[in-house]
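As structure tokens, the structure follows; a few thoughts come after it.
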Protein chains: 2
Amino acid sequence: MKNTTSAKKRSPGRPRSFDRQAALETAMKTFWAQGYETTSISDLSRAMGINAPAIYSAFGDKKQLFLEAMRLYLGDPQSQAEAIAGAASAREAAAMVLANAVRTFTGEDTPKGCLIGTGLATGSPAAADVRAEGAATRAALEALLTSRIERDKTGGLLPVDTDAGTLAALVSCTVQGFSTLARDGAPAARLQAIADFVLRGWPEIEGEGVDAEAVRRAGDS
Amino acid sequence: MKNTTSAKKRSPGRPRSFDRQAALETAMKTFWAQGYETTSISDLSRAMGINAPAIYSAFGDKKQLFLEAMRLYLGDPQSQAEAIAGAASAREAAAMVLANAVRTFTGEDTPKGCLIGTGLATGSPAAADVRAEGAATRAALEALLTSRIERDKTGGLLPVDTDAGTLAALVSCTVQGFSTLARDGAPAARLQAIADFVLRGWPEIEGEGVDAEAVRRAGDS
DNA sequence: GACATTTACGAGCGATCATTATGAAAAACA
DNA sequence: TGTTTTTCATAATGATCGCTCGTAAATGTC
């Protein structure tokens, strides 16, 4: 029985010589830059500064390490759900999601683009289950947005004939597009300009103008 | 000196036992489904039905084979340039590009998504040059769209304060987003609905209404 | 200091990677 | 038929893949 992820048990043996969290963060960035299957254990070992056996004893195998890196990348899933549900409108929620993607994909200290979108875009059939995890996070985001949009429809903030699925897919589509554009070197300002453009076309109840700039500011939170 | 890609020289020796074009098409689909680096020569050999040495003698190495598959995937680059330049408006050009992406990414007989966008999304530093080729095709599309938009601005079809770069990036962003959504299983109708939504927000000269449906039909060519 | 426990590290596991040397087989030309 | 030319299939190249074994080192407890 190895002591891998959880387990707060006392360990009277030799202490670990590296910071597990820091090593995980380095692994995340390495996967982020190179992709899941195209990052080798020896790549990770070199970047993390620890030998291969130490990786296995601390994180399990390559798949488990990636999944843990993915969870670190995604942060608390509940906070995202609450942010979307708690936004003043679906449009504000979308603005938040897009602004967050811009920030994440163009960070200075991290690789460009989306760890999941690009690092898990494709690969061999052997890694199909890991890719399915990535697709599940996208589906979860779309589901959250869809229900938030439906709530706006019943709440009178959106026309009742709004196609919630399409609108949610539009946001997801834009986020995924950001990933490729960011990886190609697009600056944050350009991505944000695209986000503003998309939000400008957000459906409205007739007669109610919306201050797009205010919505954008709200997304910076 | 092997007889690889071009070279129409007479070959008095034993004729090839397989259809080079059909083999290339199979290689394209294999790369399309599995990605560049994550597709092995043995994967290709199995799919193409020919042994590894035959691949090398007919196509060169793996990189050359992928690049040739990429050219087959992209089709004639001049025809795309002419289609964008020859469209009645930048908006129609964008509609065409988007509709074409929808068709290509959701085809029945081909893998879902974009060969270049997903198959070349990420990878090891050793394949950076191949990824650069993929990024170059995206940059070329954006450049074509940007100049088409600029032409519409001077031609009075678009407001003079239109940000051509952002608008072109929006189209490219949407196309790249389509790739991920299609790979996740989104049907063509959903992608087309997103495209329609994006096109509905296309800038207009004040007072000139645009029939979005007619623009969409034009994209079906 | 002996003991139990845990980690660190070098070495090595079989499998697969992209690629090629080899030589027999087959077709075209003489 | 003989020669030339090219392709064919088999097999092997060294390198790297993900992963693990064995042993030394470092801790807490006795």
Taking only residues two or more places apart in sequence, or in another chain, which ones meet B:Thr166 in a side chain to side chain donor-acceptor pair (under 3.5 Å)?
B:Asp163
Atom pair distance, as rounded to whole Å: CD1 in B:Ile55 and C1' in C:dT20:
14 Å
Just to be sure I understand the geometry, which residues of residues 31-49 of chain B put a non-hydrogen atom under 4.0 Å away from DNA chain C?
B:Thr39, B:Ser40, B:Ile41, B:Ser42
List in chain and number order the residues that pass side chain to side chain donor-acceptor pair (under 3.5 Å) with A:Asp109, two or more places apart in sequence or in another chain; answer none if no residue qualifies.
none
Does anything in residues 35-48 of chain A pair up under salt bridge (charged side-chain N to carboxylate O under 4.0 Å, His left out), and if so which pairs, sequence neighbours excluded?
A:Glu37-A:Arg131, A:Asp43-A:Arg46
I'd like a table of atom pairs between the protein and nucleotides 8-10 of chain D - only N or O on both sides, under 3.5 Å - with the distance next to each one.
residue	atom	partner	partner atom	Å
D:dC8	OP1	B:Ser17	N	2.8
D:dC8	OP1	B:Ser17	OG	2.6
D:dC8	O4'	B:Arg14	NH1	3.4
D:dA9	OP2	B:Asn51	ND2	3.0
D:dA9	O5'	B:Asn51	ND2	3.2

Sorted by chain and number, sequence neighbours left out, side chain to side chain donor-acceptor pair (under 3.5 Å) with A:Thr118 holds for A:Arg183
cation_pi(A:Lys63, A:Tyr36) dist<6.0 Å, angle<=45
no
Rounded to whole Å, the CZ-P distance (A:Phe59 to D:dG18) equals 16 Å
Who passes side chain to side chain donor-acceptor pair (under 3.5 Å) against B:Glu142, sequence neighbours left out?
none
Please list, chain by chain and in numerical order, all residues satisfying side chain to side chain contact (heavy atoms under 4.5 Å, CB included) with A:Leu72, sequence neighbours excluded.
A:Gln21, A:Leu24, A:Glu25, A:Met28
Rounded to whole Å, how long is the line connecting atom OH of A:Tyr56 with atom C1' of C:dG12?
14 Å
For the pair made of NZ in A:Lys62 and C1' in D:dC17, what is the distance, rounded to whole Å?
8 Å
Kindly write out the residues that satisfy side chain to side chain contact (heavy atoms under 4.5 Å, CB included) with A:Ala52, not counting sequence neighbours, or none if the list is empty.
A:Ile41
